[in-house]
Number of protein chains: 2
Amino acid sequence: MIVTAPADRIEPREPKYYLVKRHLLELIESLEPGALVPTERELTVELATSRTTVRQALGELVGEGRLVRRQGSGTYVAEPKMTWPLQMTSFTEQAAANGFIASAQLLSSERVRATGEAAARLRLQPGAYVYRIERLRLADETPMAVETSHLSVARFPGLVKAVRRASSLYRVLAESYGVKPVTAEETIETRAAPPREAALLGTDTGAPMLVLGRHSFEADGTPVEWVRSWYRGDRYTFVARLTTTA
Amino acid sequence: MIVTAPADRIEPREPKYYLVKRHLLELIESLEPGALVPTERELTVELATSRTTVRQALGELVGEGRLVRRQGSGTYVAEPKMTWPLQMTSFTEQAAANGFIASAQLLSSERVRATGEAAARLRLQPGAYVYRIERLRLADETPMAVETSHLSVARFPGLVKAVRRASSLYRVLAESYGVKPVTAEETIETRAAPPREAALLGTDTGAPMLVLGRHSFEADGTPVEWVRSWYRGDRYTFVARLTTTA
DNA sequence: CCTCTAAAATGGACTAGACGAATTGACATC
DNA sequence: GATGTCAATTCGTCTAGTCCATTTTAGAGG
């Protein structure tokens, strides 16, 4: 039994690069991770197209985590993506739950005046001071995300000193300030990688990224922090576990 | 107080197209949604670059939902993104909560033998029959997602007939079969739009998309359905609300 | 005034090629 | 055998252009 749509079915025309992409997908599925695929110039000859078109197809497959390009070397079949849970636990705990050792590399920490968005999120007067802590998050030495946290200076005096020694911000908040976020609102969207984030995460400028925003609160509803994290879209699949609250 | 990273800071070089992108971002922020931005050929002259480079910058901004391109007309500043909650409620209820009227357009419904993944997800023997229902989800007539659901034929006999009349699959499950999913695992990843999905959602092949997979279960852990939905990455920001379960 | 038609303008897809940067491998040298 | 050097190969970036599809605009004709 096959029932097709009643009406005005759109028949999209397939761009040429998409034919190349499908050809490559078949090839990828017949190979093992790590295997070398033909060079861009070989593909232009084989598929009778230009290098630009081949690169567009390759680029999408790289962005989807199916291929890895290495300049000077070649293009290879990628390892499968990792899944990463969205949970109310810290990065450190999430990593541990997945069998990784989490660490953080402090990129910068500044005391700045809150911009409109940060001030609103943290429920502060515009112009109030906030810490802006930027860290590269690693799981087993592999860079996973670039994370920029915003916290109120008035609320957490001396925070940066404590953070510079510890890898878990949540532990510092709990142990030094007695603050424990219990709810959070997490947003997810797609973005192209800026040069800096791309370099830190070992990918190319413009590669598709997943940007997570976390806005976390204490039990009484007081905002604790506002974080924006950039993850490589070709490496991670996010997983949220949902239940009926009713 | 500014503390920079201790070590080997990478100084990424900025591709030329990224300079164009930043220039355009400034322009966008100075304009209202709906405003016309210069044509590609004008930008080529103004920024002393090639059209390919201009188009790369424009393409990323379109993918991020900042610009809208209309062939034959021009490129315009886009409306802000919509946020879409990840909740254990149905599409119909989610839309209602956001003030939209949800509807569905049936694209196809087939009775097919379960592939490896569908069989595993629904805990069926490989080769068992499943319904594969493909629907275009609309909120206030605007296409939001292309949704492909998989459900066991043995478990829900005659399902497609019921679905053809109703817009809410969850309501059909509850009213006709007495089945109510209470937990779900939702995965989120980035993908480039295939021609078909792009056409259905009114965007271009290759545009960045968010692909949501939903795997839902009854209270006793029995899998109910497995769904894959394609959303336009330039239109929606997903939001998950998290709480500590401990 | 309205309607139809043709031309102009715009974005969409693609080509062929240039040059640069990173890697690899062969080869000469020690 | 170990090491350094250089050339070939690979991907990375960018250019200048062609041709097409769609939309808009201007004008001709009623």
Side-chain angles (χ1 to χ4, degrees), chain A residues 10-21 23-24 34-63 66-78 192-195 198-199 202-207 234, chain B residues 10-21 23-24 34-63 66-78 192-195 198-199 202-207 234:
Chain A
I10 306 163
E11 193 52 59
R13 64 175 278 282
E14 182 181 70
K16 188 167 182 180
Y17 91 85
Y18 213 85
L19 187 144
V20 178
K21 186 176 176 182
H23 173 86
L24 283 163
L36 196 60
V37 302
T39 69
E40 298 177 352
R41 283 163 178 95
E42 280 169 11
L43 288 166
T44 59
V45 175
E46 185 185 344
L47 301 172
T49 181
S50 71
R51 209 179 136 212
T52 312
T53 303
V54 169
R55 277 183 64 77
Q56 189 174 357
L58 288 169
E60 284 192 6
L61 289 164
V62 168
R66 306 300 303 263
L67 292 175
V68 175
R69 285 199 272 217
R70 289 192 10 224
Q71 187 175 355
S73 176
T75 306
Y76 304 83
V77 178
T203 187
D204 296 325
T205 301
D234 59 343
Chain B
I10 307 163
E11 194 51 60
R13 62 175 279 283
E14 182 181 72
K16 189 167 182 179
Y17 91 86
Y18 212 85
L19 187 144
V20 178
K21 186 177 176 183
H23 173 86
L24 284 163
L36 195 59
V37 301
T39 70
E40 297 178 353
R41 287 166 176 92
E42 279 169 10
L43 288 165
T44 298
V45 175
E46 185 185 344
L47 300 172
T49 183
S50 72
R51 206 175 142 215
T52 312
T53 302
V54 168
R55 277 182 63 78
Q56 189 173 358
L58 288 169
E60 284 191 6
L61 289 164
V62 168
R66 306 300 303 267
L67 292 175
V68 175
R69 286 201 270 217
R70 286 184 21 217
Q71 187 173 354
S73 174
T75 305
Y76 303 84
V77 177
T203 187
D204 297 324
T205 301
D234 58 344

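Here is how names work: the chains are called A, B, and so on, in the same order as the sequence lines, proteins then strands, and each is numbered from 1.
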What one should report as the nearest heavy-atom pair of A:Ala57 and A:Val20 is CB-CG1, 3.7 Å
Which atom of B:Val37 lies closest to which atom of B:Val77, heavy atoms considered: CG1-CG2, 4.0 Å
Should B:Glu14 and B:Lys21 count as an ion pair when the cut-off is N to O under 4.0 Å? no
Value for CD (B:Glu60) from OG1 (A:Thr205), rounded to nearest 0.5 Å, stands at 8.5 Å
Return yes when atom CZ of B:Arg66 has more than 12 non-hydrogen atoms of other residues, nucleotides or ligands closer than 6.0 Å, and no otherwise. no
Calculate the interatomic distance between A:Leu19 atom CG and C:dC14 atom P; express it in whole Å. 10 Å
Check the distance between C:dA18's C1' and B:Lys16's NZ and give it to me in whole angstrom. 14 Å
Applying a 4.0 Å non-hydrogen cut-off, can you work out what A:Arg55 is touching in the nucleic acid: base, sugar-phosphate, or nothing? base
Minimum heavy-atom separation for B:Lys16 to B:Thr53, with atom names? C-CG2, 4.3 Å
Residues in residues 35-46 of chain A with a heavy atom under 4.0 Å of DNA chain D, by number, are A:Thr39, A:Glu40, A:Arg41
When rounded to whole Å, the CZ to P distance for the pair A:Arg51 and D:dT15 reads 15 Å
Non-hydrogen atoms of B:Thr44 and B:Arg51 that approach each other most closely: OG1-CA, 3.7 Å
B:Arg69 atom CZ is separated from D:dA21 atom C1', nearest whole Å, by 15 Å
Find the distance A:Glu14:CD to D:dA21:C1' and express it as a whole number of Å. 18 Å
Output the rounded distance in Å from CG (B:Leu47) to P (D:dC14). 13 Å
Length of the CD-P vector between B:Gln71 and C:dC14, whole Å: 13 Å
Does C:dG11 have OP1 or OP2 sitting under 4.0 Å from an N or O in the side chain of B:Thr75? yes
Of B:Gly72 and A:Tyr17, the one whose nearest nucleotide on DNA chain C sits closer to the 5' end is B:Gly72
Closest-nucleotide mapping onto DNA chain D: is B:Thr52 or A:Ser73 further toward the 5' terminus? I mean the 5' end. A:Ser73
How many Å lie between CD on A:Gln56 and P on C:dC14, as a whole number? 7 Å
